Structure formats: C-alpha cells, structure tokens
Amino acid sequence: MDNAGNQRWIRVVTNALLILASVYLISTIFPSAERNEIAYSEFLTDVRADRFQQVEITDRELVGVLKENKATPGKAVRPSVVKAARLPGMDEANLLKELEAHGVAFSGKPSSSLGWLSFLALWVLPFVVLAVMFRLTGRRIGRGALTFGRSRAKIYDQSTKTNVTFADVAGVDEAKAELVEVVDFLKHPRKYQALGGRIPKGVLLVGPPGSGKTLLARAVAGEAGVSFFSISGSEFVEMFVGVGAARVRDLFEQAKSKAPCIIFIDELDAIGKVRSAQGVQMSNDEREQTLNQLLVEMDGFDTSQGVIMISATNTPEVLDPALLRGGRFDRQVILDRPDVEGRLAILEVHAKKIKIGRGADLRAIATRTPGMVGSDLATIMNEAALLAARHGKDEVGMPDFDEAIDRVMLGMEKKKQVMSSEEKKRVAYHESGHTLVALSVEHADPVQRVSIIPRTIGAVGYTLQLPLHDRYLMTQPELEDQIAVMLGGRAAEELIYEGVISSGAANDLERASELVRRIVTRFGMSRELGPLTWGEPVPSRFLRTPFEAEQRNYSEHTAWLIDEEERRIVGEIYARVKAILTRKRDQLQKVAAELVLKETLSREELNRLLAQEPAGLTPSSAMPLRGEPS
C-alpha cells in the first residue's frame with residue numbers, strides 16, 4: 001500500500017475513534033434526563049412501603065422494578081426501574097428478610113467483569129466494521145474512478161517480450177524495408193541525430209484485413225528490443241465524454257516514462273475519422289475530443305526521446321487529414337496482397353510448424369491462392385493439418401492442401417444435401433456451359449476442376465479456374481472473355497431447355513453486370529461514350545462493401561447511353577457464347593452426363609473426355625453457381 005493509502009486509512013480510523021469518544025463523553029457528562037439512580041436508604045424505604053414488584057441483586061448494585069408509576073404531589077413521575085449502589089459491608093441477610101416479608105420476588109446475578117469489552121463490542125466494533133467496509137468499497141470505487149481515465153494498453157517490455165521478429169513476417173518485403181529505418185533509429189539514435197535527421201513521428205500501416213499489419217508492428221518492437229504499447233482504437237472511446245482524451249494523455253505519459261518505446265494503435269479509424277463540419281448534426285463529441293487530444297500529443301512529443309507511434313487501418317480514406325499531415329503520420333506503409341513469391345514465403349513460415357509430406361508442393365499451393373493474404377494462407381495450412389489428423393495420417397499431403405483450399409474458398413461440401421435428378425442434371429448443364437466457354441475463348445484462365453457438389457457458401461456447383469500468373473491490369477478482350485465465361489451457364493440452360501432458364505445464374509449475372517458497368521463507366525472502353533469516366537465512386541480502398549456510394553455527375557441522356565452501351569456489350573458477348581455452345585452441343589451433353597455420373601471432374605478427366613491436350617496449371621478463381629438469396 002502506498003503512503004497516500006496509509007494516510008487515508010489513518011484518517012478513517014482516527015475519525016471513527018473521535019466519534020466514539022465523543023458519544024461516550026456526551027453520555028457520561030450529560031446523563032439521561034430520566035433519573036433512575038437512588039440512595040440505598042431511599043431504596044429501603046421503597047421496599048418497606050411495598051412499592052417493588054421485583055428486585056435483582058448484583059455485587060455492585062440493586063435493581064428494583066416498581067409496581068406502579070404514579071405521580072406524587074411535588075414529585076415527578078418516577079421511572080419504572082430504579083437502581084441503588086451497594087454499600088460496603090452491607091448486611092444482605094436483613095435485606096433479604098425485608099424483601100421476603102413484603103412479598104418481593106428477588107434474584108441474584110453476578111455482574112460481568114467485561115464492562116469495557118461489552119462497551120467495545122457494542123460501540124467500537126460496529127464502527128470498526130463500518131470503517132473496514134468503507135475502506136474496502138472505497139478502494140474499489142476509488143480505483144475504478146481513478147483508473148477510468150487510465151490507458152488500457154498492453155505493455156510488452158524486456159520482461160515480457162513480443163518474441164516476434166522480421167523472420168516471422170513474410171510476403172511484405174517492401175514494408176519491412178521501410179520499417180528497418182525505425183528499428184535502426186531505436187537502436188542507434190545518435191547516428192541520425194548527429195546529421196540533424198529526424199525519424200518520422202508516426203508510421204501508418206495500410207492494407208487489407210489479414211495482411212499482417214499488427215504482426216509487422218510487433219516485429220519492429222521485437223527487432224528493436226524496446227517496450228511495446230499495444231491498444232485498439234475502440235478502447236479509447238467510452239460513453240462518458242473526456243475519458244478517451246484522458247486515456248490518450250495517460251498512454252503518452254507512460255510511453256515517455258519507458259522511452260525508447262513504440263506505441264501501436266490498431267484500427268486507428270475508430271478514433272481518427274474525419275471530424276464533422278460546422279452545422280453537421282451527425283457528430284460524436286467523445287470520439288472527436290479523443291482525436292483532438294491525440295493530435296495534440298503527437299505534436300507535443302519529440303522523436304529524439306525515442307517514442308515512435310505506429311498505427312494500422314483498413315480504411316485510410318476516412319481518416320482526418322490532420323492525422324496524415326507532415327509531423328504526425330509522416331510515412332504511410334502499404335501492405336498489399338502478396339504475389340506468388342510472397343505467398344510462397346508466407347507458406348514457408350507456417351510450414352515450419354507442420355509436418356508436411358514429400359509430395360506436397362508449396363509453390364503449387366501459392367499458385368492456386370491468388371489474392372489471398374497471410375491470414376488466409378495460415379488458415380489453409382491449419383485446415384490441411386486438421387484434415388490430415390482427422391483422416392489418421394502421419395503427415396500432411398497435397399490432397400489435404402487441395403481440400404483445405406476448396407474449403408476456404410468455397411466452404412465445406414454438403415454431401416447430405418440431395419438434389420432431385422432433374423435439378424442435378426440442370427446444374428450439370430450449367431457448369432458444363434461455364435467449362436466449355438472457358439476452354440473455347442482465347443483469354444480465359446485454364447479450368448482446373450468442375451463440380452456439382454453443393455457447398456456451404458450457397459453454391460450448388462462451381463467451375464474452378466487457375467490463372468497462369470498474377471494480373472495487375474487487363475485488356476478489353478480479356479474482360480469480355482471473363483464476362484463470356486460468366487454467361488456460359490445461363491446460355492447452356494437456355495440452349496438445352498429451349499429457353500426455360502432457372503435462378504441459378506443470379507450470381508453470374510450480378511458479377512457480369514458489375515464488370516460491364518466498369519468497362520463503360522470506369523475503364524473508358526465504350527465506342528459511344530469514348531475515353532471518359534462517368535460517376536465518382538467512393539469505394540473503400542481495401543474493404544469490399546455492398547453499399548459503395550457513387551456521386552452522379554452526368555445527365556439523363558448520358559445515363560441512357562450508359563445503359564444502352566451495357567446492353568449492347570452484354571448482348572454481343574451473349575450471342576457469341578450461344579454460338580460457341582451451339583457448335584459444341586455434343587461436347588456439352590457429354591460433359592454434363594459425366595458430371596451427373598461422377599459429380600466432380602478434374603482437368604485431366606476433362607482433357608480425356610474432350611480429347612484435348614492438357615494446358616499449364618496455376619492460381620485459382622472459382623465461379624460458383626448460386627441460387628437466389630433467401
């Protein structure tokens with residue numbers, strides 16, 4: 001207990017004792033107005049006058065209970081119980097004879113020798129108990145009140161190291177290279193200060209969820225060997241205005257006391273969103289005060305003290321510009337989705353913890369997982385290990401990795417879901433249409449597998465394609481071939497069932513409509529509208545949301561032209577798809593019949609079935625057939 005706590009405890013006990021002493025003195029100095037003590041002679045007179053009903057004899061006093069309590073002339077009403085002190089050497093025998101002669105019931109009772117103990121038990125002990133209870137509850141309430149504004153950051157120092165270094169982070173080599181300077185400054189600050197250099201006050205890590213932002217920040221602390229304060233942006237904000245600002249102040253005070261150190265704020269957008277403009281009703285005073293305090297603290301500390309701030313966010317576009325200006329978050333480090341080599345490096349890091357069989361090819365896994373981030377790849381490795389253990393294997397093989405990839409991308413197989421023979425046949429024709437179009441157009445990705453086994457994500461079938469390499473831009477013919485493959489399922493149903501189509505193409509049409517609209521309005525690939533963009537979309541940089549607002553900046557006539565262009569492009573592509581499937585109707589029926597029989601066909605089986613030469617294989621993109629949303 002600290003000195004302040006001891007002093008508070010002494011004050012509480014002292015006040016309690018003063019209250020008890022005051023009560024005792026008052027009761028002693030100012031006795032009760034009802035006088036019940038009489039002289040022994042008066043007591044004998046009352047006995048002889050036959051006024052007592054009962055008398056109790058102790059070794060210190062005589063206590064008599066009067067029969068009646070009537071007022072006598074000139075005297076006040078006497079109390080019902082009177083007491084008389086025993087005289088030294090008093091003849092008890094005569095007293096007892098007097099009591100017996102007047103029919104007074106009497107009894108003897110030894111007086112307690114614990115007078116002061118009784119006093120303590122009746123008066124002191126309750127106050128002591130109350131004081132202790134007040135002390136305990138006061139400490140809890142006080143601790144809660146005093147710590148309400150304390151920072152909730154988790155601190156990792158030399159005694160509790162993060163045990164994470166750059167060796168544990170893979171696939172983000174460019175980001176690591178930018179943070180090497182931060183580590184070097186924390187280790188050798190004088191090298192930079194001698195030349196007048198100043199390390200950035202803040203480093204903002206920007207990237208999609210699961211790309212390793214938090215892991216990279218902990219690796220910086222692990223490499224530098226300094227204290228690491230980790231807190232989420234949501235932990236600052238409470239329902240009471242001012243608490244978040246107090247926690248920001250406390251966080252920076254603790255950091256300065258443990259310098260050199262790193263402050264890491266995850267999900268910075270929770271407190272760093274753009275502040276509301278004047279007159280705007282939708283505002284949050286607590287969040288804005290927290291942000292204002294953060295801005296003040298970042299201006300107030302000097303990086304020469306060895307305090308560096310690192311934050312992470314998925315939505316940098318919503319952050320307040322004051323956070324991103326020079327002198328605060330000077331540097332933004334982008335952690336984008338890794339390429340093939342990056343994914344391979346991530347898989348190799350996770351493979352150290354798993355017993356992998358000789359036939360497993362990590363590069364093939366990296367090739368089959370385009371667009372996946374580190375957390376997705378870690379999930380695949382873990383799922384593969386769980387599948388191998390479930391099957392009683394001693395090591396994880398390539399079939400386990402293949403199944404784990406399908407499970408992560410498409411969900412688990414719903415083997416107990418039984419479709420009718422007619423539905424199964426229709427789904428087979430639908431997926432066969434996707435497959436044949438993908439094998440026929442020039443720019444489609446190679447088909448890896450086609451299946452009509454339902455999956456838990458809602459797909460009743462899927463066609464899995466594998467890109468030959470990662471793509472960073474696409475030409476118009478490549479985009480149009482993608483749309484053609486999407487429309488292959490609906491065209492196959494229309495061709496086989498003579499115009500009677502199902503709801504199974506809902507997801508295909510949704511993706512095709514989105515892509516063709518981008519071709520017209522964002523990519524400037526329309527003959528009628530020319531090389532212009534239309535509308536001002538405000539999408540999230542790394543998060544995909546279903547409600548992406550678009551500000552319309554064109555006329556009604558232009559809107560009509562956009563709609564017409566979309567219909568023209570889709571109409572031309574759909575006519576081309578129907579022509580391909582009409583020409584290959586026999587192959588369409590052959591693939592569909594084999595799918596109904598086997599439910600899943602690999603690329604090799606398709607090659608044998610269609611008598612085509614096998615093509616190269618690599619990363620994957622699934623086109624599931626989904627029903628209408630329920």
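No hydrogens, no waters, no symmetry mates; every other heavy atom, side chains included, goes into these values. This is a predicted model, so every value here is computed, not measured.
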Check: Thr315 side chain, Val318 main-chain N or O, donor-acceptor pair, under 3.5 Å: no
With respect to Lys213, which candidate in Thr313, Asp266, Asn314 satisfies the side-chain hydrogen bond (donor to acceptor under 3.5 Å, both in side chains) definition? Asn314
Test salt bridge (charged side-chain N to carboxylate O under 4.0 Å, His left out) on Arg568 and Glu572; report intermediate values, then the result. CA-CA 6 Å; Arg568 179 189 65 82; Glu572 292 177 357; 3.0 Å; yes
Run the salt-bridge test on Lys355 and Glu395 with the 4.0 Å N-O cut-off and return the result as yes or no. no
Taking all non-hydrogen atoms of both residues into account, name the closest pair between Ala592 and Ala428 and its distance. O-CB, 3.7 Å
Is there a side-chain contact between His434 and Asp508 in this structure, where contact means two heavy atoms from C-beta onward sitting under 4.5 Å apart? yes
Can you find a pair of side-chain heavy atoms, one from Val206 and one from Val333, that are under 4.5 Å apart? no
Taking C-beta and beyond as the side chain, do Leu479 and Phe523 meet within less than 4.5 Å on heavy atoms? yes
Do Val203 and Glu178 come close enough that some side-chain heavy atom pair is under 4.5 Å? no
Minimal non-hydrogen separation, Ala270 against Gly233, with atom names: CB-C, 3.8 Å
Are any non-hydrogen side-chain atoms of Met474 and Gln482 less than 4.5 angstrom apart? yes
Should the pair Arg426 and Tyr497 be classed as cation-pi, given the thresholds of under 6.0 Å to the six-membered ring centre and 45° from the axis? yes
CA sep, side-chain torsions, deciding dist, call: Ser234, Glu267, side chain to side chain contact (heavy atoms under 4.5 Å, CB included): CA-CA 8 Å; Ser234 60; Glu267 306 298 342; over 6 Å; no
Please walk me through it: do Arg471 and Asp445 pass salt bridge (charged side-chain N to carboxylate O under 4.0 Å, His left out)? CA-CA 11 Å; Arg471 291 177 176 174; Asp445 297 324; 3.2 Å; yes
Phe166 vs Leu216, test: side chain to side chain contact (heavy atoms under 4.5 Å, CB included). Steps then yes/no. CA-CA 7 Å; Phe166 283 150; Leu216 186 58; 3.9 Å; yes
Rounded distance (nearest 0.5 Å) linking atom OG1 of Thr600 with atom OH of Tyr462: 5.5 Å
Check whether any side-chain heavy atom of Phe228 lies under 4.5 Å from a side-chain heavy atom of Cys261, and answer yes or no. no
Got more than 12 heavy atoms from elsewhere within 6.0 Å of NZ, Lys425? no
NE2 (His430) and OG1 (Thr435) are apart, to the nearest 0.5 Å, by 10.0 Å
Are Asp481 and Arg576 within salt-bridge range, i.e. N to O under 4.0 Å? yes
Nearest heavy atoms of Ala492 and Leu581, plus distance in Å: N-CD1, 3.5 Å
Derivation and outcome, side chain to side chain contact (heavy atoms under 4.5 Å, CB included), residues Tyr429 and Gln589: CA-CA 7 Å; Tyr429 276 115; Gln589 293 178 334; 3.9 Å; yes
So do the side chains of Ile308 and Lys201 get within less than 4.5 Å of each other, counting heavy atoms only? no
State whether the side chain of Gln587 and the backbone N or O of Lys584 hold a donor-acceptor pair below 3.5 Å, judged by distance alone. no
Do Glu431 and Ser451 pair up side chain to side chain, a donor and an acceptor below 3.5 Å, judged on atom types alone? no
Are any of the side-chain nitrogens in Arg368 or Asp402 under 4.0 Å away from the carboxylate oxygens of its partner? yes
For side-chain hydrogen bond (donor to acceptor under 3.5 Å, both in side chains), just list the numbers for Glu565 and Ser526, CA-CA rounded to whole Å, side-chain angles, deciding distance to a tenth of an Å, and then say yes or no. CA-CA 7 Å; Glu565 274 296 279; Ser526 168; 2.5 Å; yes
Nearest 0.5 Å, what's the CD1-CZ distance between Ile580 and Arg585? 16.0 Å
Under the 3.5 angstrom rule, does the side chain of Arg343 hit a backbone N or O of Ala366 as a donor-acceptor pair? yes
Roughly how far apart are Leu386 CG and Met381 CE, rounded to 0.5 Å? 12.0 Å
So which atom in Arg337 and which in Val373 form the shortest heavy-atom distance, rounded to 0.1 Å? NH1-CG1, 3.6 Å
Would you confirm whether Arg522, through its side chain, and Gly535, through its main-chain N or O, come within 3.5 Å as a donor-acceptor pair? yes
So for atom CE, which belongs to Met412, do other residues, nucleotides or ligands contribute more than 12 heavy atoms lying within a distance under 6.0 Å? no
Under 4.0 Å between a Lys/Arg side-chain N and an Asp/Glu carboxylate O for Arg449 and Asp406? yes
Rounded to the nearest 0.5 Å, the CG atom of Leu515 sits from the CD atom of Glu510 at a distance of 12.5 Å
Please check if the number of heavy atoms outside Lys424 that lie under 6.0 Å from its NZ is greater than 12. yes
Strictly distance-based, threshold 3.5 Å: is any side-chain N or O of Asp269 a donor or acceptor partner for the main-chain N or O of Gly272? no
Go through it in stages, so that I can follow the logic: the residues are Arg331 and Glu181, the test is salt bridge (charged side-chain N to carboxylate O under 4.0 Å, His left out), and I'd like the CA-CA distance, side-chain angles, deciding distance and then a yes or no. CA-CA 12 Å; Arg331 183 174 297 181; Glu181 291 183 7; 3.2 Å; yes
Correct closest heavy-atom pair for Ala438 and Val485 would be CA-CG2, 3.8 Å
Heavy atoms of Pro321 and Val274 approach each other most closely as CD-CG2, 4.3 Å
For Glu341 and Arg363, run salt bridge (charged side-chain N to carboxylate O under 4.0 Å, His left out): C-alpha distance rounded to whole Å, both residues' side-chain angles, the deciding distance at 0.1 Å, then the answer. CA-CA 8 Å; Glu341 296 300 326; Arg363 180 169 290 277; 3.0 Å; yes
Report yes if the side chains of Glu223 and Val164 come closer than 4.5 Å at any heavy-atom pair, otherwise no. no
Among Val220, Val183, Ile262, which residue meets the side-chain contact (heavy atoms from CB on, under 4.5 Å) test with Val226? Ile262
Would you please say whether a donor-acceptor pair under 3.5 Å links the side chains of Asn382 and His350? no
Begin from the C-alpha positions of Leu204 and Leu324 and carry the test side chain to side chain contact (heavy atoms under 4.5 Å, CB included) through to its verdict. CA-CA 9 Å; Leu204 182 63; Leu324 305 179; 3.6 Å; yes
So CD1 of Ile265 and CE of Met309: to nearest 0.5 Å the spacing works out to 3.0 Å
